[in-house]
Trainee: 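Can you read through this structure? Questions will come right after.
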Amino acid sequence: MSLKESIDLTRLPNHIAIIMDGNGRWAKKHGHIRTIGHQHGVKPVREVSEACAELGVKHVTLYAFSTENWNRPIEEVNALMELLVLTINAEIPTLQKNNIKLNAFGDLSKLPENCRKQLNDAIEITSSNSRMTLHLALSYSSRWEIMDAAKKFAKDCISNNISPEAIDEKLFSSFLATKNIPDPELMIRTSGEYRISNFLLWQIAYSELYFTQTLWPDFDRNELYNAILDYQKRERRFGKTSEQLTQTT
Ligand code: FPP
């Protein structure tokens, strides 16, 4: 039986979030400059998106550019922005063919004008696709998102006279940039780093975490299937006991 066939399609994660790490190290290993590593990071983006859509995963979120990435050398930032524009443009037919909707969240006002325009165009063109949504976290960090939500929430509390007692998780999360996206059941990080790096901290409260040594440019369908199979072996208890989970009431 192939890896793909071993996956229980009735117990798929609805949302998979991925920290695509290791492009720089992949480039170094192959004697290239860092930006070549980013270029080789595009193929797994396509492969993972197609594989998830085929399986029936409904949401995939990719950490494409963090708030902290703005501090990289300007040449690398520019190369990444250019790559994003080119890739988004080039991938529209693949998104259409696979019925995938594109979305983006983060401090998008910081993106260069041409990048924002290309992104908005692709979001608009793919807006009626319904098989899966591919979310790009761009100029994103979790602390930025939570602070931004807190500011918006505080303003709303003042103008609508909301009492502190009325505040709950549901109300607060309605101010997050990710407000309409279900929490990920599975988060994957490549390249052997065991960190979350300011990604979806609020949303991963109960997510299963999967780490692989594979550098992002080498990540492929089989790696994805392995991550899903590992997820399916785990018991998700949400703070309950195993016995409570097996009770059928
Ligand atoms: C992390 O590797 C990767 C990034 C900061 C950029 C990810 C971008 C892509 C894969 C390009 C295409 C993406 C889309 C969504 C169109 P790193 O540079 O931190 O690697 P290192 O830790 O080895 O230095």
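The first residue of the sequence shown is numbered 1, and numbering continues consecutively from there. Small disclaimer: the values here were computed from a predicted structure and weren't measured. The figures that follow rest on heavy atoms only: side chains count, while hydrogens, waters and symmetry mates do not. Both counts, for ligands and for their atoms, begin at 1 and track the order of listing.
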Trainee: At what distance, to the nearest 0.5 angstrom, does OG of Ser141 lie from CZ of Phe199?
Mentor: 11.0 Å
Trainee: I'd like to check the side chain to side chain contact (heavy atoms under 4.5 Å, CB included) partners of Asn161; sequence neighbours left out, ordered by chain and number.
Mentor: none
Trainee: I'd like the contact residues of ligand 1, where contact means a heavy atom below 4.0 Å.
Mentor: Met20, Asp21, Gly22, Asn23, Gly24, Arg25, Arg34, His38, Gly41, Val42, Ala64, Asn69, Arg72, Leu80, Leu83, Leu84, Thr87, Leu136, Trp216
Trainee: Only counting residues at least two apart or in another chain, list the ones meeting salt bridge (Lys or Arg N to Asp or Glu O under 4.0 Å) with Lys110.
Mentor: Asp107
Trainee: For residues 48-58, tabulate all N or O donor-acceptor pairs below 3.5 Å that involve a side-chain atom, not counting sequence neighbours.
Mentor:
| unit_1 | atom_1 | unit_2 | atom_2 | d |
| --- | --- | --- | --- | --- |
| Ser49 | OG | Val45 | O | 2.6 |
| Glu50 | OE2 | Asn98 | ND2 | 3.2 |
| Glu54 | OE1 | Lys4 | NZ | 3.4 |
| Glu54 | OE1 | Arg221 | NH1 | 3.0 |
| Glu54 | OE2 | Arg221 | NH2 | 3.2 |
| Lys58 | NZ | Arg131 | O | 2.9 |

Trainee: Do Gln232 side-chain atoms and Asp8 backbone N/O form a donor-acceptor pair below 3.5 Å?
Mentor: yes
Trainee: If only atom types and distance count, is the side chain of Asn198 paired as donor or acceptor with the main-chain N or O of Arg143 below 3.5 Å?
Mentor: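 Flag set: sc Asn198 to bb Arg143 pair under 3.5 Å.
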